[in-house]
Every structure is written in C-alpha cells, then in structure tokens.
Amino acid sequence: MTIPVNEKLDLANNFVLHTNQNIFLTGKAGTGKTTFLQQIKQLSAKRLAVVAPTGVAAINAGGVTIHSLFQLPFGPLVPGATQREGKKFNKEKINLLRTLDLLVIDEISMVRSDVLDGIDEVLRRYRTNSAPFGGVQLLLIGDMQQLPPVIKDEDWALLRPYYDTGYFFGSKALRQTSYVPIELTHIYRQSDERFINLLNSIREKTVTRAQLDNLNQRYIPDFSPKDDEGYITLSTHNSAAQQINNQKLLALKGKPRLFTATVEGDFPAHTYPTDASLELKVGAQVMFIKNDISRDKLYYNGKIGRITDMDDSAIYVKSHQDGEEIVVYPVDWTNIKYTLDPITKEIKSEPIGTFRQFPLKLAWAITVHKSQGLTFEKAILDVSSAFAHGQVYVALSRCKTLDGLVLRSPIPAHSIKTELELEDFHVHVQQQTPNEQHLHQAKLTNQQHLLRELFSFERTTSLLYRCRRVVNEHASSLDAEGSPILTQLTDLVRERASDVSGRFQHQLPSYFASENLPEQNQALQERVSKAGTYFQTLLGTELLPLLRSFPTDCDNKKVRDLLLEVLDELEKELFSKLRSFESCREGFNALNYLQARNRAELDFQPERKKHEPQVAETPSSDSPARGGLYGALMKWRNDMAGEHNTSGFMVLPQKTIVELARLRPTNQAELLAIKGFGKTKVKQVGEDILRIIRETPTGRATSTATPKVKTPKQPKDPKEMSPAITYAFFQAGKAVEEIAAERGLAVSTIESHLLPYVKTGELAINALLPPKKVASIRAYLELYPSEPLSTIRQGLGNDVSFSDIRFVQYAMRAESGEAGA
C-alpha cells in the first residue's frame, strides 16, 4: 500500500519521538529531507545532537562534524587497532554523550562504515552500555544515489579485510541492530513530470537509450550565454570551476574590490562558507549562499545575480530571476558546539565562533560537490568526466527544469555510474518500509524495554561487588568500619531491592501479553505507581543514607581515589534510580522516565562528601569516623603537614591516629606500644600528642564534667584578637618565624593571621616576600588565573609555598579593588 506524503513524514516523526528504533530517512533530491531535519531539531522531548561528515555540511545542518564531537582520527579506523588519537574527553562531553537520546547524522551517504563503527565504540565506552551505539537512537538522513564517501585506495587496502563495503550500511555495529528505512518520494524542487521521470531513471540506473538521447538534446555546441542570462556551470572538478571563475573575473573591466571576512572565536578555515578574502568586481556573476532570514526574504541559498554596484558597507546585486536589485549586507555564520545547560539540563548548541562576510561567492562555475542542497534556474553541466557515483544525478537534480539546463558535452552512458551493492540496498529499503503496525510494535518494544530497565538492579549489584573488591583488597589501608556498612548495604539491596524487583519482573510478561501499550495498561500503571512509592522510600531513606555514612579516610591516595570513584558511581546509580521511580508517582510515561533518568545523570553531585568526617565538629565522640580526639589529632597533623610543606601521612599515618583515638595513651611508654611510633617519633611529637589527648574530653564526658573547659572565660580573647596581636608583632619588626616561636603557634597560623591585612592593603606584599619572588608568582598568576592552588605551586616549584601564593593573590586583589570581596 502506498503511504501518502504527509503520512510518511508523520511516520518518521513518530518513530523518532516515541520509539528507540534507528531510522534511515532517504529520498530523492528535493523531497524535504533537510526540512524534516530542521523540524526534528525543534523537538524538546529528546536530547539530541546533529553531526555531519564535512565541515560545510555540518554548518548547513546546524550541527558539528562527526570527527569533532567524537574526536576520531581522520585516517581509517581499523577494527581492533589501538588508534584513538583524539584528545581525552572532558567531563562535560562525557556527560553529554551519557545522556544523549538521539544522534542525527546528516549526509549519511558520505559517511564511511568504519567511521560509523568509530562512533559506536565511543558511545559504548562512555555510556558503559554494550548495546550498539551505546543504546542511542540513530536518525540517518541522506540519499545513497548522491555523493559517496571518499575512500583513498591506501585506506581501503587497510579496511578491505574487515568490511564488504565502505558505505555506512557496511558498519559492523549497524548490522548488530535493526533500523527502519523511510523513503520520501514527493519531489518539491521540480514540477515537470518529464524531467522528474528522467531524474528517477538516472537515480535508479534504469535510464533507457531514448531517455538518454532526449537528455543529450540539451547539448548545445559552443554555447556562450550572455552575461545577464544567469547561467552557472557545474563541474565535476574543482580546478575547472576555479579556472572559469578566475577567467571571467579577469575579463571584466574595472578595479576589483576586496572584502575581508571577520572571524571571531573558533571557526576553522576548512569550514568557511565562502572566501575569507572575497575579490569581486561590478558585473561579476555571484550566487547567494545563505537564505535571507529577514521578513522580506529577498534571496535564498543558490539564487544567481549580477553585481551592479559596491561600496564598503553594501553590495548591490540584480537578480537574474526577477530583475530586482537586492542590497546585500554582511551576515554571520555560527560555528557551534554542544553543551549541557546547567539549569535546564538540556543539550544546547552553544556558539563558539562566527564568520561574518557577504553571503556571496563567484558563480560562473561551482563544483557538483558544493552544489549539493542548492537549486538553480539555469545551469551548464560539465559532467561527462564524472568520476564518482551520484555526480551526474546530483548535478542534474540541482536544476528546476529540463529547459533550464545546457550540457557542455553529451553525457555518455558510462558516466552514469552503477554500483550493484547500492541497487541491492535500494531494493532492500523499498521492501522494508514500515507501516502503522510496525510503529505500534516499536512503541510497545521500547516501553517494555524501559520498564525492565527501571526495575533492574543489576548495575547496583555489580557496583556493590566492585566496592567489596576494593575494600577487601585494601583492607589494611581503609577504615575497618566500612566493611560492616558494605555488608549491610549488600544485604539490603539483595533482599529489599533485587529480590522484590525480580519478582515484579517475573510478572511483567503477563502484563505485556496485552496488545495495549504499557502506558495505556491501567492495571500495570497502578502496580508501577505502588512499586514506585516502595522503591522511593527504600532508596531515599535507607540505601542512600547508609552508603553516605561509609568512612573514606585513607592515607594512600591511590587507594582512596579508587574507593571514591566506585562509591561515587554507586551513589549516582542509586540517585538515578530514586529520580526514575519519582517520575512514576502517577504511573509510567516513557518520555517522562527518559527525562528523569537523564536529568539525574546531570544533577548528581556526590553528597557523600557532606557526610564524611568533619574535623572537630563533634568533640563529644572519640569515634574515628567522627570528630572528637580523632578529629583533633587529624587537625594537628594537617597543620603540621602544611607548616612543613609535606603530606599528612609523613607526619603521622591515619591508621596510627585511629589507634591513638581508640587507646588514648597517657605516657611515652604507651605511645611506643602503638604501631607507627618509634623513639624518634615520640621524641619529635610525643608531647604534642599527649597534650592533645589530655585536653580532648572523652565521649563519656558531659558538657559540665570538666572544669577546665569552663575556666578560660576571658572576654573574647585569643581568637578575635590573635590576628591583631600577630600584626602588631610584625609591624614591630619581628619575622614570621619569631612570632610563631614567641606565641607558640605554627608558622602557617601566623601567616594566616597576616593574610587579611594584605587583602585590605594595610600590609605591603614586599614587606613579606622578596620582590623577585613576588614578580615570579604574579607573572604566573596573570598567565593562569583560574588554576587550583596545588597546580600553581607545582608550576612554580618547591621554593614557593602555599602561603607565598596566597599572599600574592590577596595583594593582587587589593590592587584591583577586590579587597572587600
């Protein structure tokens, strides 16, 4: 049954919106594929990105190139080879890929099969999803009878052992999944039935000798149109087109005028839509290369005209079509990148560069390749030397009428390239066109898949296993309280989550037996709503709080980083599950669920850090997982490490501090019995440790048990007056080290007292540091103003301390008027 035009577009639209089915949207030239793409970009229901194989195609589609988004090398991507040479993906791009619902690839006919597999590899890796393309839905747009992918002989020699064809449908990943082909057949560009039939025959390689003879009647020997007739020559080779333009421009009288483009930000030269240095003369034939977005719509992409006048700010072009004179001003093209909006959590196309130039180019001749997507009233075709499949068809289909084209030479039958694999593929496309029943089944399959995903805790279980493995392998470096928490969490997930959801999953097939969509199944919706309430409570009040209580202190940085990585992944998974079940309060809706799951991926911040030990926050407890003695000792250790520019572990290992807090030794002999203490360590810090133990109350003490806490009730003395005292000493000529010794404080503490006076400008930076050191630090900070402190110190070297850097930072703020900030 033939599907009407509007129904085919509706069908494609519904497959994109309401299924996860991959789609290949094809059709003859001029059937509205580009218009459909622009409509899809307006959708807000799914998070999408648009890519194209070339820079010009990407700019025209309002997207980015495949290689820039997926950071693929430009050479052949041999399966299994270690060849991913692109820069490391940043966190923002990883988040974008992880939350992508729909990937639109325009001009798919020009995409090589190995490039599509490269996309698949990146998506699987960063989405941690082994499904083809990481489970992302594909919308592939293009006409296989138009321009093919460019594959060098030496590249194909490397790829041939792995691929049957270089076309996109040879992709190994694409063959692991299914896609529905939808072919648009109604042509909007041409209305002449005779010409349409001829184009269809050439496109489908069924052109007869009579049709070819009829076409070759448009060969007019020595055809030389007048300059005002507005013909443009389409050539298969770039050198031929350039030669024609240069000769024609040189033949014109008058002085040329050079218009230079303004390029701002990131806009690579190979994506420029026209010449950055545009040399024109009055009388030159030009083509508009952009649609007029003003209300008047005076020109469109492909319109031909002739320059009648020029000045510095405008070019006057008389249209060959209607004789109207158009005043042309410079316009902007925008190069974009995809980013995540921090507020709406939507994928946004963010402008990163602009190219401002007159939307014109010399148009006595252009290449067939650059004519793709354009429409001409009159054209001279020089395609007898066509070297690639689709060139003749693309050139002919740019013309609106048969009478409007002239052949530079007759078109021989051999120039209409035939490729058997494309003919077979086209037959396959026509045989696989979906209907409404296919659409319903795709919706059904998609919603069933999403429900199974919602009620699956397999990833949670897998992440718990990873946590246990990390804790077991590094037990000697980690807090012993972590293992019982992990055991309790594992038991809860197994008994209260996996087992319960497993039983529910076993019941799903009975609900899925209905032909109704899950969204329309009332009994299922009621069950989902009740299950959602149960799992919200379990996740929000039990599992997440328990996970966030896990102690993460560890002196081994590699072990701690490894532990934090897997804990964060587990917390993110539980957080995502919580948000997903919250979206099902009123029942299941596929788009609502997708949006909730994707937003959770972006909204997530590890709240576990808020629940980690806070130094000296709870002095009523000796537990190493809280404050008390443990916190007091950790604070002392970190102060000492800062003063001596070393790591906390070198002062005293965290395991030793845990033992000190547990055993509370009272003399040096008892200190020596604790692992991590020797005679030298006792001599160096023993008295400090014993003093802290004596002064820190035990967890059993009440708030009034120790009179020592109450006696120093002097009116607001040390803390508020301490910086002022330090400043007074410094002004009196004492060095920082002298003040520290006299006041019994760490050097770092004395330096922190002086910082506010530097910030307000009361204390000159040169009074604290040598001018040479100040100049060195200042130069580095001006070059890298936003780097973290640790990176700055690493860049400046060990001769510069953290305090030195802070002093210069505060001095610079004082100079710029930020003292009150």
Side-chain angles (χ1 to χ4, degrees), residues 1-27 32-33 36-37 39-40 42-48 100-104 131-133 135-141 174-186 428-456 504-529 531 580 583-584 586-598:
M1 181 181 71
T2 302
I3 302 175
V5 175
N6 60 337
E7 289 190 21
K8 281 194 172 182
L9 288 173
D10 286 345
L11 192 65
N13 189 65
N14 278 316
F15 267 104
V16 171
L17 265 181
H18 301 296
T19 81
N20 193 40
Q21 183 74 55
N22 297 327
I23 303 136
F24 170 49
L25 183 73
T26 187
K33 298 185 295 294
F36 181 80
L37 168 57
Q39 291 172 346
I40 288 297
Q42 304 305 316
L43 296 176
S44 59
K46 288 191 176 183
R47 302 160 59 81
L48 63 88
L100 195 63
D101 293 317
L102 174 66
L103 177 66
V104 183
F133 303 98
V136 173
Q137 183 183 20
L138 302 181
L139 171 58
L140 312 174
I141 301 177
L174 193 63
R175 290 181 175 181
Q176 293 173 13
T177 185
S178 61
Y179 60 91
V180 293
I182 299 176
E183 183 174 13
L184 305 179
T185 54
H186 181 76
H428 166 77
V429 166
Q430 292 179 318
Q431 291 175 344
Q432 299 298 318
T433 300
N435 54 31
E436 288 295 331
Q437 180 56 38
H438 293 129
L439 174 62
H440 177 81
Q441 188 59 46
K443 286 182 178 179
L444 195 69
T445 302
N446 183 48
Q447 291 181 21
Q448 290 176 358
H449 165 74
L450 293 178
L451 275 169
R452 291 191 184 97
E453 178 185 88
L454 172 65
F455 286 97
S456 171
F504 184 73
Q505 291 232 37
H506 286 309
Q507 298 172 14
L508 284 176
S510 63
Y511 290 106
F512 292 165
S514 169
E515 282 300 311
N516 289 336
L517 297 174
E519 290 178 343
Q520 300 166 348
N521 188 322
Q522 190 58 39
L524 176 58
Q525 291 287 49
E526 290 175 3
R527 286 297 309 276
V528 170
S529 180
S580 299
S583 74
C584 299
E586 305 300 325
F588 173 77
N589 177 278
L591 289 180
N592 288 347
Y593 165 66
L594 279 174
Q595 288 175 334
R597 187 192 66 184
N598 290 340

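Quick note: numbers below take in every heavy atom, side chains included, and nothing from hydrogens, waters or symmetry partners.
- Put simply, the side chain of Leu524 reaches to within 4.5 Å of the side chain of Leu451, judged on heavy atoms.
- Ring geometry for Phe24 versus Tyr179: interplanar angle over 60°, hence perpendicular rather than tilted (30 to 60°).
- The heavy-atom pair separating Gly27 from Glu183 by the smallest distance is CA-CG, 4.1 Å.
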Report task. Before giving the answer on side-chain hydrogen bond (donor to acceptor under 3.5 Å, both in side chains), spell out for His438 and Asn435 the whole-Å C-alpha distance, their side-chain angles and the decisive distance to 0.1 Å. Result -> CA-CA 5 Å; His438 293 129; Asn435 54 31; 3.1 Å; yes
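- Remark: Leu139 CG to Leu37 CG distance equals 7.5 Å, nearest 0.5 Å.
- Taking the salt bridge (charged side-chain N to carboxylate O under 4.0 Å, His left out) definition, one finds that Arg527 meets it with nothing, sequence neighbours left out.
- Counting heavy atoms from C-beta outward, Gln137 and Asn22 have side chains that approach closer than 4.5 Å.
- Rounded to the nearest 0.5 angstrom, His449 NE2 and Thr19 OG1 are separated by 12.0 Å.
- You'll find the side chain of Glu519 stays beyond 4.5 Å of the side chain of Lys443, heavy atoms only.
- At least one side-chain heavy atom of Pro434 sits less than 4.5 Å from a side-chain heavy atom of Ile182.
- Within the 4.5 Å cutoff, side-chain heavy atoms of Ile40 are placed close to those of Leu102.
- Here the closest heavy-atom approach between residue Leu517 and residue Gln447 is recorded as CB-OE1, 3.7 Å.
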Query - Verdict with reasoning, Phe133 to Leu103, per side chain to side chain contact (heavy atoms under 4.5 Å, CB included) - result: CA-CA 10 Å; Phe133 303 98; Leu103 177 66; 5.9 Å; no
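- Here the straight-line distance linking atom CG of Leu439 with atom CD of Glu436 works out to 5.5 Å at 0.5 Å rounding.
- Residues Asn598 and Gln595 have side chains not in contact (no heavy-atom distance under 4.5 Å, counting atoms from C-beta outward).
- Taking all atoms of both residues into account, the shortest heavy-atom contact from Phe36 to Ala12 is CZ-CB, 3.7 Å.
- You'll find the side chain of Phe512 stays beyond 4.5 Å of the side chain of Leu444, heavy atoms only.
- In this structure, Gln505 places its CD atom where more than 12 heavy-atom neighbours from other residues, nucleotides or ligands lie under 6.0 Å away.
- Residues Leu450 and Phe588 have side chains in contact (heavy-atom distance under 4.5 Å, counting atoms from C-beta outward).
- With values rounded to the nearest 0.5 angstrom, Thr445 atom OG1 is found 9.0 Å from His440 atom NE2.
- Taken from CD in Gln522 to OG in Ser514, the straight-line distance is 12.0 Å, to the nearest 0.5 Å.
- Closest non-hydrogen pair, Val136 versus Asp101, comes out as CG1-O, 3.8 Å.
- Considering all non-hydrogen atoms of both residues, Gly587 and Ser529 come closest at N-CB, 4.2 Å.
- Qualifying salt bridge (charged side-chain N to carboxylate O under 4.0 Å, His left out) partners for Glu453, counting only residues two or more places apart in sequence or in other chains: Arg597.
- In this structure, the side chain of Asn13 does not engage the main chain of Leu9 through any donor-acceptor pair within 3.5 Å.
- The distance from the CG atom of Asn592 to the OG atom of Ser580 is 11.5 Å, given to the nearest 0.5 Å.
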